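Below: one structure, written as structure tokens.
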Protein chains: 2
Amino acid sequence: MARQVTSICCDAGGAFVTAFEYDDAMAKPKTHDEALRLRLLHRAAATVFDRGTAALSLRQLAADVKTSTTAVYSLFGNKAGLLSSLYQEAVHLFVERLATVHPTDDPAGDVIRIGLAYREYAVANPHLYAILFSDRSVQCSSESDRPREVVETYRPLIDAVSRGQRAGQFSSESAPEVIALSVWGMAHGLVSLVLSGNEPPELAVADCYERALRALVAGWREGEERASGVADAM
Amino acid sequence: MARQVTSICCDAGGAFVTAFEYDDAMAKPKTHDEALRLRLLHRAAATVFDRGTAALSLRQLAADVKTSTTAVYSLFGNKAGLLSSLYQEAVHLFVERLATVHPTDDPAGDVIRIGLAYREYAVANPHLYAILFSDRSVQCSSESDRPREVVETYRPLIDAVSRGQRAGQFSSESAPEVIALSVWGMAHGLVSLVLSGNEPPELAVADCYERALRALVAGWREGEERASGVADAM
DNA sequence: GAGCAATCAAAACACTGTTACGGTGTGTCG
DNA sequence: CGACACACCGTAACAGTGTTTTGATTGCTC
């Protein structure tokens with residue numbers, strides 16, 4: 001449960017804590033420093049991680065970390081800023097997880113494995129996943145930064161598809177981005193259905209997930225996409 | 001914009017308004033009646049429809065309809081109950097929309113058309129769609145009712161797949177529910193990516209959507225799903 | 001007409017995010 | 001060396017929220 005969360009604390013490393021203690025002719029030494037920032041982030045992640053963003057109260061958060069709400073405002077601007085920072089961390093962990101799928105000489109298999117890793121991360125970290133993809137309250141990172149982050153997360157998938165095309169495993173009639181997007185969409189869709197409680201009853205999505213991915217990959221094989229034209233049956 | 005919303009007001013029909021005005025030896029005549037219930041639902045739908053559930057304030061809602069917040073509590077229990085009723089309506093509209101895709105003698109084509117209708121509803125009614133599938137704040141309908149509603153929404157898809165299997169357009173090795181789920185997942189995933197602002201830059205999902213669906217359908221053709229085994233390329 | 005009880009608007013409560021205020025403590029300057 | 005200045009930051013105030021309680025109103029029943 002708290003496994004992933006602790007990694008948030010470790011990621012940025014608490015090294016240069018006393019970096020800009022004073023910038024001009026100043027007064028009190030800062031206690032709203034990088035170390036406190038990480039403690040807040042850590043604690044907020046834990047709460048969001050198992051009760052969602054709505055359950056995160058700045059007052060409670062500040063009390064837990066034994067500071068005041070002012071700290072959140074001086075370090076993150078406001079609640080949205082705090083969640084935005086969490087968003088960044090969630091992206092970071094997500095990218096890291098997907099990067100553990102190393103390319104092999106079977107690109108189509110890599111695509112499947114990336115899809116499985118996608119699901120594994122989401123199921124293991126449902127609230128961080130929610131921050132990434134569903135929570136409307138996270139405005140995050142000035143709108144224009146987001147696409148770049150998004151493309152970063154699914155770059156490995158595009159690469160795998162490209163290699164698959166060169167290896168003849170995928171049709172070259174469509175751009176690799178298009179094929180990758182379809183895989184991304186299916187993974188995201190099936191995962192989202194489960195996490196939002198909308199998975200159909202009496203049907204374990206987990207069992208169908210890989211088969212669905214394989215069917216999609218099969219459908220993008222050379223020459224297949226033309227054959228699926230409308231007038232086909234009887 | 002307000003087109004779909006007004007239909008919410010008309011759906012239940014304000015017929016038996018004076019049904020149970022008095023049940024025992026009572027006092028004041030009720031003003032928190034079915035008509036008021038519909039007015040509240042209508043107004044709430046309008047707000048949620050274009051500003052989301054978070055922007056819905058019960059005080060403001062009551063003021064708009066010229067009643068008090070007590071009305072919401074006596075008619076819906078609480079805010080969650082109100083949103084739950086909205087959820088029911090959103091499901092209803094969604095099912096209605098998907099039902100407009102009539103079966104033809106090309107079941108595979110029907111599957112594609114259902115997928116397109118899915119997307120069309122979501123894009124036209126983003127906030128109702130959000131209530132259905134993403135908004136965590138909607139606990140809705142006692143948990144146990146939901147699966148039945150869900151299955152209702154994607155029953156037409158299962159039927160189309162079943163017919164496709166009999167027509168030889170889909171492999172019969174997988175249950176129709178599995179194939180339908182994959183289509184449902186892809187549609188939901190691609191739509192969700194767009195609505196949550198996570199669509200990849202420089203790539204119009206709208207343009208890829210139908211192609212992705214067609215690839216998936218192609219991948220479920222007879223004998224295809226076995227061929228996508230791991231060791232395939234060089 | 002008196003009693004009574006259901007009804008419902010308004011006020012109270014406990015919470016939220018956010019902003020304004022002031023005591024605190026440190027460095028600089030006279 | 002003391003007084004000033006000023007950034008810092010905990011506290012309290014503000015404007016909201018959903019929800020619960022209160023208490024006047026109202027119209028049937030006896």
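Sequence lines set the chain letters: A, B, ... in the order given, protein chains first and strands last, and positions in each chain run from 1. Just so it is clear, the model here is predicted, and its values are computed rather than measured.
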Practice task
Only counting residues at least two apart or in another chain, list the ones meeting side-chain contact (heavy atoms from CB on, under 4.5 Å) with A/Val91.
Solution key: A/Tyr87, A/Val95, A/Leu132, A/Glu149, A/Thr153
Exercise for the section: Find the distance A/Lys79:NZ to C/dC15:P and express it as a whole number of Å. Expected result: 15 Å
Problem - B/Arg155/B/Glu152 salt bridge by N-O under 4.0 Å criterion - result: no
Exercise for the section: Check side-chain hydrogen bond (donor to acceptor under 3.5 Å, both in side chains) between A/Asp64 and all other residues, then give those that pass, not counting sequence neighbours. Expected result: A/Arg43, A/Gln60
Enumerate, atom names and distances included, each donor-acceptor pair closer than 3.5 Å involving a side-chain atom of residues 70-77 of chain B, sequence neighbours excluded.
| unit_1 | atom_1 | unit_2 | atom_2 | d |
| --- | --- | --- | --- | --- |
| B/Ser74 | OG | B/His32 | ND1 | 3.0 |
| B/Ser74 | OG | B/Ala71 | O | 3.4 |

Problem - B/His32 side-chain N/O to C/dA9 phosphate OP1/OP2 under 4.0 Å - result: yes
Completion exercise
By side-chain hydrogen bond (donor to acceptor under 3.5 Å, both in side chains), B/Thr67 pairs with (sequence neighbours left out) none
Completion exercise
Contacts of B/Asp159 meeting side-chain hydrogen bond (donor to acceptor under 3.5 Å, both in side chains) (sequence neighbours excluded), chain-then-number -> none
Exercise for the section: Apply side-chain contact (heavy atoms from CB on, under 4.5 Å) to B/Ala55 and list each qualifying residue two or more places apart in sequence or on a separate chain. Expected result: B/Arg51
Completion exercise
Taken to the nearest whole Å, CG/B/Leu82 to P/D/dT19 is 10 Å
Fill in the blank from the handout: Sequence neighbours excluded, the answer for ring-ring contact (aromatic ring centres under 6.0 Å, His included) partners of B/Tyr118 is B/Phe94, B/Tyr129, B/Trp184
Exercise for the section: Describe, as an angle rounded to 10 degrees, how the axis at the first end of the helix from C/dG1-D/dC30 to C/dG30-D/dC1 is tilted relative to the axis at the last end, five pairs per end. Expected result: 40°
Handout entry: Selection: residues 56-68 of chain A, any non-hydrogen atom under 4.0 Å of DNA chain D
Key = A/Arg59, A/Thr67, A/Ser68
Are any protein N/O atoms closer than 3.5 Å to N/O atoms in nucleotides 20-22 of chain D? If there are, list each pair with its distance.
none

Exercise for the section: Quick one: list whatever passes salt bridge (charged side-chain N to carboxylate O under 4.0 Å, His left out) with B/Arg97, sequence neighbours left out. Expected result: B/Glu120
Fill in the blank from the handout: With sequence neighbours left out, the residues meeting side-chain contact (heavy atoms from CB on, under 4.5 Å) with B/Pro176 are B/Ile158, B/Val161, B/Ser162, B/Gln165
